[in-house]
There are 4 protein chains.
Amino acid sequence: MTDARTDLRIGMVGYAFMGAAHSQAWRTAPAFFDLPMHPRMTAVCGRDKEAATKVAERFGWESVETDWRALLERDDIDVIDICTPGDTHAEIAIAALRAGKHVLCEKPLANTVAEAEAMAEAAAEAAQHGVRAMVGFTYRRTPAVAMARKLAADGWLGTIRHVRAQYLQDWLNDENTPLSWRLDKEKAGSGALGDIGAHIVDMAQFVTGSRIASVSGLMETFVTTRPVAGDHATLGGSSSGDGERGPVTVDDAAVFTSRFDDGSVGVFEATRFATGRKNALRIEVNGSTGSLAFDFEDMNVLQYFDANEDPATAGFRRIIVTEATHPYVAAWWPPGHGLGYEHGFTHQVVDLVTAIADGTDPSPSFADGLAVQRVLAAVEASSADGTTHTTGA
Amino acid sequence: MTDARTDLRIGMVGYAFMGAAHSQAWRTAPAFFDLPMHPRMTAVCGRDKEAATKVAERFGWESVETDWRALLERDDIDVIDICTPGDTHAEIAIAALRAGKHVLCEKPLANTVAEAEAMAEAAAEAAQHGVRAMVGFTYRRTPAVAMARKLAADGWLGTIRHVRAQYLQDWLNDENTPLSWRLDKEKAGSGALGDIGAHIVDMAQFVTGSRIASVSGLMETFVTTRPVAGDHATLGGSSSGDGERGPVTVDDAAVFTSRFDDGSVGVFEATRFATGRKNALRIEVNGSTGSLAFDFEDMNVLQYFDANEDPATAGFRRIIVTEATHPYVAAWWPPGHGLGYEHGFTHQVVDLVTAIADGTDPSPSFADGLAVQRVLAAVEASSADGTTHTTGA
Amino acid sequence: MTDARTDLRIGMVGYAFMGAAHSQAWRTAPAFFDLPMHPRMTAVCGRDKEAATKVAERFGWESVETDWRALLERDDIDVIDICTPGDTHAEIAIAALRAGKHVLCEKPLANTVAEAEAMAEAAAEAAQHGVRAMVGFTYRRTPAVAMARKLAADGWLGTIRHVRAQYLQDWLNDENTPLSWRLDKEKAGSGALGDIGAHIVDMAQFVTGSRIASVSGLMETFVTTRPVAGDHATLGGSSSGDGERGPVTVDDAAVFTSRFDDGSVGVFEATRFATGRKNALRIEVNGSTGSLAFDFEDMNVLQYFDANEDPATAGFRRIIVTEATHPYVAAWWPPGHGLGYEHGFTHQVVDLVTAIADGTDPSPSFADGLAVQRVLAAVEASSADGTTHTTGA
Amino acid sequence: MTDARTDLRIGMVGYAFMGAAHSQAWRTAPAFFDLPMHPRMTAVCGRDKEAATKVAERFGWESVETDWRALLERDDIDVIDICTPGDTHAEIAIAALRAGKHVLCEKPLANTVAEAEAMAEAAAEAAQHGVRAMVGFTYRRTPAVAMARKLAADGWLGTIRHVRAQYLQDWLNDENTPLSWRLDKEKAGSGALGDIGAHIVDMAQFVTGSRIASVSGLMETFVTTRPVAGDHATLGGSSSGDGERGPVTVDDAAVFTSRFDDGSVGVFEATRFATGRKNALRIEVNGSTGSLAFDFEDMNVLQYFDANEDPATAGFRRIIVTEATHPYVAAWWPPGHGLGYEHGFTHQVVDLVTAIADGTDPSPSFADGLAVQRVLAAVEASSADGTTHTTGA
């Protein structure tokens with residue numbers, strides 16, 4: 001069995017939750033999509049060799065490294081796929097780009113604006129040498145979200161007036177849920193704001209095509225201490241039980257109002273305390289001629305209202321986004337046979353490989369990631385001093 | 001046919017949209033509920049005698065007046081029911097209370113905090129003489145909302161962390177929808193903020209039992225001029241067609257974040273530009289042990305999530321609020337036979353008559369109305385200067 | 001106050017659940033609608049004079065009778081409104097029509113086909129003398145259902161292929177819910193089939209404009225004995241507690257498949273044992289160019305799918321049927337301010353008064369009621385012998 | 001990298017739609033689940049060698065065969081996975097079982113009861129030698145459906161009274177959709193009945209744990225001729241355009257009522273003409289103490305009503321079936337991160353491998369498949385003669 005296509009050799013850093021999602025995407029994309037290059041799962045890298053080896057065996061990575069720098073030195077690696085916590089992104093990504101490796105970096109791009117700026121600069125410079133960089137806002141690749149963007153870009157909404165976006169989870173609702181790296185400002189940068197708020201900021205800017213110009217924010221930590229877990233890394237793991245509690249140094253919830261650069265008004269809310277909401281990543285956009293609404297808890301559906309219809313028969317349409325003409329869908333199953341969470345990662349791989357093969361810059365770029373970071377920073381500053389802050393957009 | 005109950009003689013001021021709703025309520029309440037007093041529809045008052053007479057004939061008002069002062073002078077009137085625009089509320093209500101008449105006043109209580117304060121003072125003084133005052137936040141009397149309050153008051157939500165409330169309409173979406181008194185700051189005080197934002201502020205404070213302590217707001221007028229209509233009073237009427245446009249002097253949309261006095265975080269949005277949303281008065285409350293969600297577009301339903309359930313079988317319950325044990329419902333139809341918008345007005349009448357007969361102060365009081373007014377004023381001030389404002393609560 | 005319109009003087013027989021709904025309708029219709037005649041609530045009739053007098057006082061009936069024959073003899077009565085159980089319909093209605101009174105008769109038209117045939121004959125004869133007869137399938141007058149009929153009649157569905165209709169309740173789910181007249185074949189004729197199945201049969205024939213030609217049915221009584229209640233008439237009342245149980249002589253559930261005379265296929269289900277479903281009167285119609293779906297538990301909404309749309313943006317539209325251009329709605333409230341169960345009765349009165357004033361036959365006619373009765377009889381016969389039965393349509 | 005587990009070597013026959021789903025399952029199961037044996041994708045078999053080779057390359061099958069008999073002769077194959085049309089199932093499956101190969105056979109088990117009986121006999125005999133057979137009703141492995149079964153089996157529904165199940169698609173709605181093998185009775189056995197009706201029959205029997213004892217059915221072909229396509233095999237492909245039409249020899253829709261052996265009543269409907277419904281595989285079960293409802297168009301959700309709750313707070317719960325304690329879910333993503341259509345196939349592989357390793361018979365067995373076949377045959381017979389037929393259950 002031969003394959004005339006050029007190999008695209010991947011080295012992935014990190015192997016936890018995101019590592020599994022990315023591994024499955026690299027394996028699955030070439031099976032369902034006709035890709036212009038052939039991704040090879042060349043190496044996975046993790047400090048814990050045993051764990052990394054197990055991931056390699058499960059998903060078919062050909063080799064294992066324990067230091068990401070080793071990946072950069074290998075000339076049989078074309079792409080560095082960064083799945084580590086946010087505090088490591090800048091160092092790895094910048095070094096990789098300078099080493100001539102294409103980079104896919106998980107979101108948020110970085111934990112600070114300064115880091116994100118350095119990354120965006122490195123990406124701009126690398127682009128001049130044909131080296132590509134992409135940030136992993138995968139929810140853009142949910143077919144219903146990609147369809148929302150298409151409708152907005154094609155003018156179906158008219159002049160946009162309102163954006164309301166929420167990312168509602170509840171996994172910290174129990175005050176005895178233990179500490180983890182996601183609750184440590186050093187590692188995570190921020191809490192709900194950076195982890196899930198970043199997604200709705202990116203999604204709002206992606207779907208509308210506008211940038212958030214100013215924000216007025218409010219952040220809150222409802223539960224300020226939590227049990228110290230035996231294993232901090234375990235999301236939702238149980239406490240060590242000895243009663244020791246440590247400080248939560250990030251926000252539990254972040255809410256903010258905003259103005260976009262096109263004059264529309266936004267309302268955003270990110271929280272891990274919305275009891276009963278599991279992964280309610282929602283966005284609604286209201287324009288002069290139409291509206292869109294999406295909720296990830298019903299991820300194969302896009303709601304659309306056409307204001308040009310006769311009011312007697314107008315109504316929000318429940319579009320099941322599983323038709324062959326919907327973005328990414330033709331590669332999969334018949335209408336009504338829904339996709340799941342991890343398909344967005346497969347679509348991300350498809351778009352990245354295509355961009356690299358075509359010699360074009362993939363989207364979302366590091367500049368897009370930086371734009372998100374600036375919004376998050378403005379929200380933090382606004383929350384601290386109680387005034388409105390601009391983002392520079 | 002005799003009736004041993006004392007008559008409670010009503011004089012209503014105003015006869016438009018709200019007048020029809022109130023008239024139907026006065027007629028309907030005694031037919032379905034066992035009231036402790038017998039409401040008599042003694043007089044309706046409107047400046048246009050012909051129109052007022054037509055309303056009297058349709059709903060069974062026994063007499064017609066053209067000056068509200070005449071109502072106050074009549075000793076066969078016990079209650080003044082004020083259904084006029086907000087700029088007239090203070091004068092009528094204060095005079096009525098001083099004349100010893102019980103008062104039911106439509107919301108918002110007034111157009112300014114100063115007026116509302118004067119009204120609340122007048123109500124407090126009148127209460128000392130057994131004269132009652134109530135403000136017409138009727139949505140409280142939607143059975144699903146009353147049930148929400150009951151669940152929160154009974155502790156089913158635990159510690160409340162989040163309130164998100166929206167009042168979304170779209171009737172101004174078309175920029176050629178003509179001017180009306182609701183778009184005139186002199187008459188209406190404010191736009192979306194006072195007209196519909198007032199409802200979600202009251203509902204949030206009612207359901208949670210807490211007060212909004214500070215706000216950070218943003219108000220916007222998307223369409224700044226509109227056609228001058230032949231008849232300004234007609235909601236949604238068509239333009240006079242001569243091309244003349246006049247200024248819109250109120251907000252089209254108002255959004256704000258808030259802190260409640262119990263530490264919970266709120267997000268509020270009121271707009272007349274949410275294309276496709278007709279009367280989406282929504283509230284969701286998330287607490288440590290449960291959540292509630294309501295949308296007036298599905299008004300007979302309350303969503304409830306019980307966090308104490310086994311996660312394997314937990315989920316938002318779609319409670320159809322039509323059981324005999326639900327608030328107000330036993331008087332009506334069998335389970336599943338839903339109620340409509342105007343039933344809230346009937347329930348309002350039931351509660352007012354009951355309070356008067358019992359010699360207790362009805363709720364919401366003018367003090368409650370003032371509390372709402374202070375929130376609205378703080379939102380306006382915050383929107384003007386871009387900083388967070390406290391409400392005094 | 002004068003009113004140039006002719007009075008239309010009503011005499012109502014029966015005053016329980018249906019009597020309250022009809023009374024409220026007679027009072028409310030002229031307040032909200034411009035009727036061509038003026039309905040007067042002249043007399044209410046019930047064997048229990050005290051109870052009837054109480055209803056008269058509550059709703060404003062001008063006089064009370066205890067024998068329906070007395071109503072027929074009074075020349076100040078124009079319309080007989082029959083709200084009694086089904087076993088009395090034929091006698092009263094036929095006598096009233098022969099006495100020259102217009103008749104509004106609650107559904108089902110009768111308990112047997114023979115009675116219904118006699119009634120339809122009497123109605124046909126009366127019509128020749130300008131005397132009108134109407135059967136009370138009020139759900140037709142829910143705006144969303146009337147809108148569904150309009151869309152189907154205007155050709156929006158194309159060739160109809162499927163009808164699926166359900167009427168799901170659960171009030172007999174508890175095997176200790178006591179006996180009532182609705183469970184007595186002598187009084188009620190049948191159980192779920194005639195009480196609620198009749199509604200979906202009528203609705204299916206109304207919305208599609210076609211008749212059910214043949215059926216294959218299955219009826220079941222899950223709980224064959226129930227406690228004897230102190231007061232059999234009380235729906236959902238509690239048992240007398242002495243442990244005595246009596247037989248249930250009607251069906252608890254009835255299901256059937258059908259062919260319509262236009263070649264479409266139907267599936268029907270009526271039950272009082274659908275745990276959790278309170279009043280789920282549902283219909284879905286699929287045609288070659290469109291589909292409709294309705295559920296009374298969300299009664300202000302009509303779902304509509306337009307198959308002519310681009311599949312990429314096609315989806316069931318959630319039409320909130322509260323626009324001024326929707327059937328009956330202009331008389332009521334602004335968009336999104338929903339109506340309730342009893343509004344259908346008001347609309348029924350509006351249509352009946354209008355037909356009488358116009359000198360036209362109202363709809364649904366007694367012939368329509370007979371058509372429903374024939375379907376119900378065919379279902380019973382089919383269930384008894386296990387074969388397909390035709391209806392004669 | 002070594003793996004102490006025994007290999008389980010798979011040979012798959014067929015490579016179209018189902019072949020892709022099965023291939024992805026074989027690849028994915030060992031990456032996310034800890035399997036007791038290690039599946040190896042040893043060979044794929046298809047008559048078109050080029051196409052089979054392409055599938056092998058995409059999914060990682062190690063070799064290609066063009067005759068299924070060759071697979072049976074290879075001693076490096078342990079499992080035969082049959083993904084071909086129904087008319088070939090009996091021959092392949094029986095031969096494979098006799099050759100000592102475990103068999104996974106796509107549904108429906110066969111096109112006739114006789115074939116299914118022979119297969120069930122062969123499976124029973126093979127089981128005596130430790131050779132396993134399983135039929136591919138994958139929807140059982142959707143976590144929400146598996147959870148439904150668990151709730152019913154654990155007694156949460158009490159005595160079951162009603163089952164209503166629908167499988168609604170619309171891909172044949174356009175009368176110019178061309179012919180394909182699915183519309184050819186020789187190949188497909190039946191139309192909607194066998195293709196999708198089989199799924200709801202199996203699901204109803206699986207969830208309730210009861211068997212359908214008798215049925216009364218009605219089948220219809222709405223569009224009796226269709227364009228002859230260049231490639232009959234293409235689902236939804238376009239016509240050859242020369243105007244030639246050939247006969248549709250299967251049913252477009254099949255509906256039937258049923259009695260289960262536990263006394264409950266069922267209503268079933270399978271159609272490819274439900275305009276706007278894409279893959280609405282729905283089931284609702286009503287019992288004396290609870291109800292369940294599922295719709296594959298919202299596949300990560302199970303609706304559950306608990307009749308033991310206080311009616312004031314009872315309601316259908318929308319359980320998002322993505323908790324770690326839900327069936328199959330712990331292997332995947334955090335709560336709220338939904339799964340898709342193909343995950344059911346992965347779960348099927350997990351259960352089959354586990355059963356083979358444990359030496360137990362997997363479920364659903366060929367006997368389960370035969371039971372479904374008998375119901376389908378009874379529906380066909382009933383539809384033909386208009387009488388009720390028993391199934392032998």
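Not measured: the values here are computed from a predicted model. Residue numbering restarts at 1 for every chain, and letters A, B, ... go by the order of the sequence lines.
- Within the 4.5 angstrom heavy-atom criterion, only side-chain atoms of D/Arg318, from C-beta onward, approach chain A.
- Using a 4.5 Å cut-off between heavy atoms, D/Asp295 does not touch chain A at all.
- When only modelled atom types and interatomic distance are considered, A/His337 and D/Glu297 share no side-chain donor-acceptor pair under 3.5 Å.
- Note: D/Trp332 CH2 to A/Gln24 CD = 6.0 Å, rounded to the nearest 0.5 Å.
- Rounding to the nearest 0.5 Å places CE of D/Met299 at 10.0 Å from CE of A/Met299.
- For D/Ala324, no part lies under 4.5 angstrom from a heavy atom of chain A.
- Both the backbone and the side chain of D/Thr28 have a heavy atom closer than 4.5 Å to some heavy atom of chain A.
- Among all heavy-atom pairs drawn from D/Phe17 and A/Pro334, the shortest one is CZ-CD, 3.3 Å.
- When each of A/Gly336, A/Ala31, A/Ala20, A/Ala21 is checked for heavy-atom pairs under 4.5 Å with chain D, A/Ala31 comes out on top.
- Relative ring orientation between A/Phe32 and D/Phe59 is described as perpendicular, the plane-to-plane angle rising above 60° on a 0-90° scale split at 30° and 60°.
- For the atom pair CG (A/Asn300) and CG (D/Asn300), the distance works out to 8.5 Å, reported to the nearest 0.5 Å.
- With sequence neighbours left out, the side chain to side chain donor-acceptor pair (under 3.5 Å) criterion links A/Asp306 to no other residue.
- Contact annotation for residues 137-145 of chain D against chain A (heavy-atom separation below 4.5 Å, listed by residue number): D/Tyr139.
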